[in-house]
Amino acid sequence: MPELPEVETTRRKIEPLLRGRVIERIEHDAPHRYRDTHLAVGRRVTGLSRRGKYLMLQLAAAEADGEPDALHDLELIVHLGMTGGFRLEAGKHTRVTLTTDGGTLHFDDARRFGKMAVVRPGQYATMPTLAGMGPEPLTDDFEVADFVARAVTCGAVKPWLLSQKPVSGVGNIYADESLWTAQIHPAQTRLNAEEATRLYHAVREVMGAAVEAGGSTLSDGTYAQHDGEAGAYQHRHHVYDRAGKPCDRCGTTIEKIVLAQRGTHFCPQCQKVQRQKVGAV
DNA sequence: ATAAGCCCCTGTGGGC
DNA sequence: TGCCCACAGGGGCTTA
């Protein structure tokens, strides 16, 4: 469930299970994927936060006893990858088992693209995407003027969004949905101010609505939350996984292409590539 | 410095 | 039915 809305939904749902708990064991057999997890043992989870698609558990000495302003001296970073998620029961694809004084959570990850690491707070040198993460789309840190200025020189706009640099947390689904909303072709380069402004507002609108809906869960239920609850935003997709169906805005058949190795869905009528006029006033 | 390409993994579904 | 290929919501690394 790896885009911002799904990660944020996961954060909210597992927070009550973890906040204030002391980690007793973290079991797995892949130390290169789940780095330094032994450092978390014996510490108390004082809070759960999120940056882009990364979850972080704030850890403090167990004696801190859940005080909100306890000095947390380590962070457990979790990235769900493509297929990662927490479960109450162990399953065929359980990769990590996290036991606290309040119960057990299983990290399931069929494709094993998920990662964990225990680090000093803010020490993200081994995670370059996290270290260079752009602003959160739903906070005031995400500023239209800055976004517009960067978009003027950007390469193909969809890969640019996926880079996590202009804004954090946008993945394949929400990139396609945002570009449809803004009526911009995913392969367009160098947006003008008007286009970039539309895209800025589209990203905020789409991400906000998706968080509110609890994210997207595909029809096979793969991306349901730990308690089996599904998100609802999949019912509001306009282009993602809708190739061959009519555009909700103009009725033209939605197309699917491959762009930067990712499936890309768009309306060829509403989202035409605009060539910027050289020397335009 | 930035961008494009390949790679890491496993499972599933469609086409033959 | 069985096999093979293509594809799947991510990110890191190498190369140009």
Side-chain angles (χ1 to χ4, degrees), chain A residues 1-10 28-35 50-55 77-85 91-96 107-117 124-134 150-180 186-190 203 206-207 210-211 213-225 230-244 256-265:
Chain A
M1 44 193 82
E3 301 185 45
L4 185 153
E6 293 75 30
V7 177
E8 176 60 19
T9 303
T10 295
H28 58 79
D29 59 4
H32 60 292
R33 286 196 189 88
Y34 314 115
R35 293 198 318 260
R50 181 193 53 71
R51 268 296 272 139
K53 305 172 194 171
Y54 292 78
L55 271 176
I77 313 282
V78 180
H79 195 289
L80 303 178
M82 295 273 264
T83 56
K92 192 168 56 163
H93 302 121
T94 294
R95 309 301 185 194
V96 181
F107 180 68
D108 250 54
D109 185 16
R111 256 179 107 178
R112 299 184 196 259
F113 282 175
K115 291 179 173 61
M116 295 187 193
Y124 305 146
T126 61
M127 290 164 280
T129 301
L130 179 55
M133 189 67 69
R150 288 153 154 272
V152 171
T153 59
C154 78
V157 61
K158 181 178 172 185
W160 179 69
L161 282 178
L162 294 180
S163 76
Q164 308 301 301
K165 287 176 182 166
V167 60
S168 64
V170 178
N172 207 41
I173 291 178
Y174 299 109
D176 284 2
E177 294 299 320
S178 298
L179 289 164
W180 180 85
Q188 177 162 344
T189 59
R190 304 200 301 171
V203 168
V206 167
M207 296 302 249
V211 168
S216 301
T217 301
L218 296 195
S219 51
D220 60 4
T222 304
Y223 299 101
Q225 294 295 329
Y233 198 75
Q234 66 278 8
H235 303 302
R236 295 168 61 180
H237 293 173
H238 293 287
V239 284
Y240 180 78
D241 202 25
R242 290 197 68 242
K256 180 178 180 185
I257 60 172
V258 175
L259 181 61
Q261 291 92 237
R262 309 300 299 276
T264 297
H265 315 73

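Chain letters run A, B, ... following the sequence lines, proteins first, then strands; residues in each count from 1. Keep in mind the model is a prediction, meaning the values are calculated, not measured.
Between A:Lys256 and C:dA8 there is a side-chain N or O to OP1 or OP2 distance below 4.0 Å. One finds a side-chain N or O of A:Gln164 lying less than 4.0 angstrom from the OP1 or OP2 phosphate oxygen of C:dG11. One finds no side-chain N or O of A:Arg33 lying less than 4.0 angstrom from the OP1 or OP2 phosphate oxygen of B:dC8. For A:Lys53 and C:dG11, the shortest distance from a side-chain N or O to OP1 or OP2 is below 4.0 Å. Residue A:His93 has a polar side-chain atom (N or O) positioned under 4.0 Å from OP1 or OP2 of B:dG11.
Here C:dG11 is the nucleotide among C:dG11, C:dC13, B:dC9 with the atom lying nearest to any side-chain atom of A:Tyr54. Among the nucleotides B:dC9, C:dG11, B:dG5, the one closest to the side chain of A:Phe113 is B:dC9.
Taking atom P on both B:dC9 and C:dC4, the two are 22 Å apart, rounded to the nearest angstrom.
In this model, no side-chain donor or acceptor of A:Arg112 finds a partner on the base of B:dC9 within 3.5 Å.
Considering only heavy atoms from C-beta on, A:Arg112 comes within 4.5 Å of A:Arg33 through its side chain.
Consecutive Watson-Crick or G-U pairing (both distances under 3.5 Å) extending over three or more pairs maps onto DNA chain B as B:2-8 with C:10-16, B:10-16 with C:2-8.
Nucleic acid contact class of A:Gly263 (heavy atoms, under 4.0 Å, all strands): sugar-phosphate only.
Remark: A:Lys158 engages A:Asp176 in a salt bridge, criterion side-chain N to carboxylate O under 4.0 Å.
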